[in-house]
Amino acid sequence: MTTTAARYLYLTRHGEASPDETELTANGRRQAALLGERLRGLPLSAIHHGPLPRAARTARLIADQLTTERPGIPLRPSEPAGDYLPYVPERSELPPDAAGPILDFLGRFPQAERDRGPVLAREALARFTGPVPGDEPRHELLVTHNFLIGWLVRAAQDAPRWRWLGLNHGNAALTVIRYAPGRLSSVLFYNDMSHLPPDLRWTGFPPELRG
């Protein structure tokens, strides 16, 4: 009989990116390093990250902070860890007063992205969520983007598929989800910025949502 153990999935959005999103700003590099310091001592087995430069650079800066205690943690680029639309709802699924603005926003994305995103989102659920084989808990970090974090948190709460919308995640903030055998998935904490000084918090949010 195959046994399974708990998976602890640590989620973070990449550090603050430059305007053209090809690199991290100085603030973004500081955010990543501070998150790496916070994660020291955790038994991370892997750091997964999206393929875009801002996610890959964040993952490397985090890993640099972990090498003294856990050298050799693999960095694993992954297309399902990338930046994409995880689900495009029908108008009938949405609250009537919000349907128009939401569909206008999603309609700005090319059709190819609207088609490919849900495929990657299903792959992300299969690859990164749920209990793991064996009898030892697994701790993994996923360095990704706002949309995918919203999608995974939504799934952990068994919310409607469209409800990834409206979840905003700060740059280098931390969310942790536990997937334990025989138990409901549990969001242990969400969007935690306690490792960041005040001047580095709330970046990545629309201006009207910044604390």
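Everything quoted here is computed from the prediction, not taken from an experiment.
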Over all heavy atoms of both residues, which pair between A81 and L148 is shortest? Give the atoms and the distance, please.
CA-CD2, 3.7 Å
Selection residues 90-111 - residue pairs positive for ring pair (Phe, Tyr, Trp, His ring centres under 6.0 Å), sequence neighbours left out
F105-F109
In Å, rounded to the nearest 0.5 Å, how long is the span from CG of L42 to CG of L141?
9.5 Å
Under 3.5 Å: donor-acceptor pair, side chain of N191, backbone of A173:
no
Is there a side-chain contact between L66 and I47 (heavy atoms, below 4.5 Å)?
yes
Which residues share a side-chain contact (heavy atoms from CB on, under 4.5 Å) with V88, sequence neighbours left out
L85, L106, R114
To the nearest 0.5 Å, what is the distance between OG1 on T12 and CD1 on I149?
6.0 Å
E93 (side chain) donor-acceptor with E90 (main chain) under 3.5 angstrom
yes
Give me the atom names and distance for the closest heavy-atom approach of P137 to A5.
N-CB, 3.8 Å
Least distance between heavy atoms, P133 atom then R138 atom:
CD-NH2, 4.1 Å
Please answer: with hydrophobic residues joined when any side-chain heavy atoms are less than 4.5 Å apart, are I177 and Y87 in the same cluster?
yes
Which residues pass the ring-ring contact (aromatic ring centres under 6.0 Å, His included) test with Y84, not counting sequence neighbours?
none
Between G170 and R13 the two heavy atoms that sit nearest each other are O-CB, 3.6 Å
Separation of R161 CZ from R163 CZ (nearest 0.5 Å):
15.5 Å
Do L167 and F147 share a hydrophobic cluster, counting only Ile, Leu, Val, Met, Phe, Trp and Tyr and linking them when any side-chain heavy atoms are less than 4.5 Å apart?
yes
Looking only at the side chains, is there a donor atom on one of T3 and D135 sitting less than 3.5 Å from an acceptor on the other?
no
Of all residues at least two apart in sequence or in a different chain, which pass the salt bridge (Lys or Arg N to Asp or Glu O under 4.0 Å) check with R30?
D199
Can you list every salt bridge (Lys or Arg N to Asp or Glu O under 4.0 Å) pair that touches residues 72-84, not counting sequence neighbours?
R54-D83, E79-R116
Can you hop from W151 to L174 via hydrophobic side chains spaced under 4.5 Å?
no
Would a hydrophobic clustering, with Ile, Leu, Val, Met, Phe, Trp and Tyr connected at side-chain separations under 4.5 Å, put F189 with W202?
no
Side-chain donor or acceptor of N171 paired with backbone N/O of G204 under 3.5 Å
yes
Pairing residues for D20 by the side chain to side chain donor-acceptor pair (under 3.5 Å) criterion, not counting sequence neighbours
S18, T22
OG1-CD1 distance between T67 and I62, expressed to the nearest 0.5 angstrom:
13.0 Å
Does R154 have more than 12 heavy atoms from other residues, nucleotides or ligands lying within 6.0 Å of its CZ?
yes
Using modelled atom types and a 3.5 Å cut-off, is there a donor and acceptor pairing between side-chain atoms of R178 and backbone atoms of S186?
no
For residues 50-78, pull every pair meeting ring pair (Phe, Tyr, Trp, His ring centres under 6.0 Å), keeping only residues two or more places apart or in separate chains.
none
For L61, what are the other residues in its hydrophobic cluster, where any two members join if their side-chain heavy atoms are less than 4.5 angstrom apart?
L24
Between the main-chain N or O of A32 and the side-chain N or O of T58, is there a donor-acceptor pair closer than 3.5 Å?
no
Under a 3.5 Å distance rule, please check whether N146 uses its side chain to pair with a backbone N or O of H169 as donor and acceptor.
yes
Contacts of type side-chain contact (heavy atoms from CB on, under 4.5 Å), residue R122, not counting sequence neighbours
P118, V119
Results of side-chain contact (heavy atoms from CB on, under 4.5 Å) for P77 - residues two or more places apart only
H49
With no hydrogens and no angle check, do the side chains of H48 and E140 hold a donor and an acceptor under 3.5 Å apart?
yes
I'd like to know if D104 and R108 make a salt bridge, using a cut-off of under 4.0 Å between side-chain N and carboxylate O.
no
Going through the distances and angles, do L152 and L125 end up as a side-chain contact (heavy atoms from CB on, under 4.5 Å)?
CA-CA 7 Å; L152 295 175; L125 288 174; 3.7 Å; yes
Residue pair P131 / P181: nearest heavy atoms and the distance that separates them:
CG-N, 3.8 Å
Is a donor on one side and an acceptor on the other found under 3.5 Å between the side chain of R7 and the backbone of T129?
yes
Okay, side chain of R201, backbone of L196: is any donor-acceptor separation there less than 3.5 Å?
yes
Give every residue pair that meets the ring pair (Phe, Tyr, Trp, His ring centres under 6.0 Å) criterion with at least one member in residues 6-28, sequence neighbours excluded.
Y8-H139, Y10-H139, H14-H145
The side-chain contact (heavy atoms from CB on, under 4.5 Å) partners of S185 (sequence neighbours excluded) come to A156, Y179
Report yes if some heavy atom in the side chain of Q31 is under 4.5 Å from a heavy atom in the side chain of E16; otherwise report no.
yes
Under 3.5 Å, is there a donor-acceptor pair between the N27 and T25 side chains?
no
Looking only at non-hydrogen atoms, find the nearest pair between A121 and P86 and report the distance.
CB-O, 3.4 Å
So S78 and E123, do their side chains get closer than 4.5 Å, heavy atoms only?
no
When you group the ILVMFWY residues by side-chain heavy-atom contacts below 4.5 Å and let the links chain together, are L75 and L142 in the same group?
no
Any non-hydrogen side-chain atom of R38 less than 4.5 Å from a side-chain atom of Q65?
no
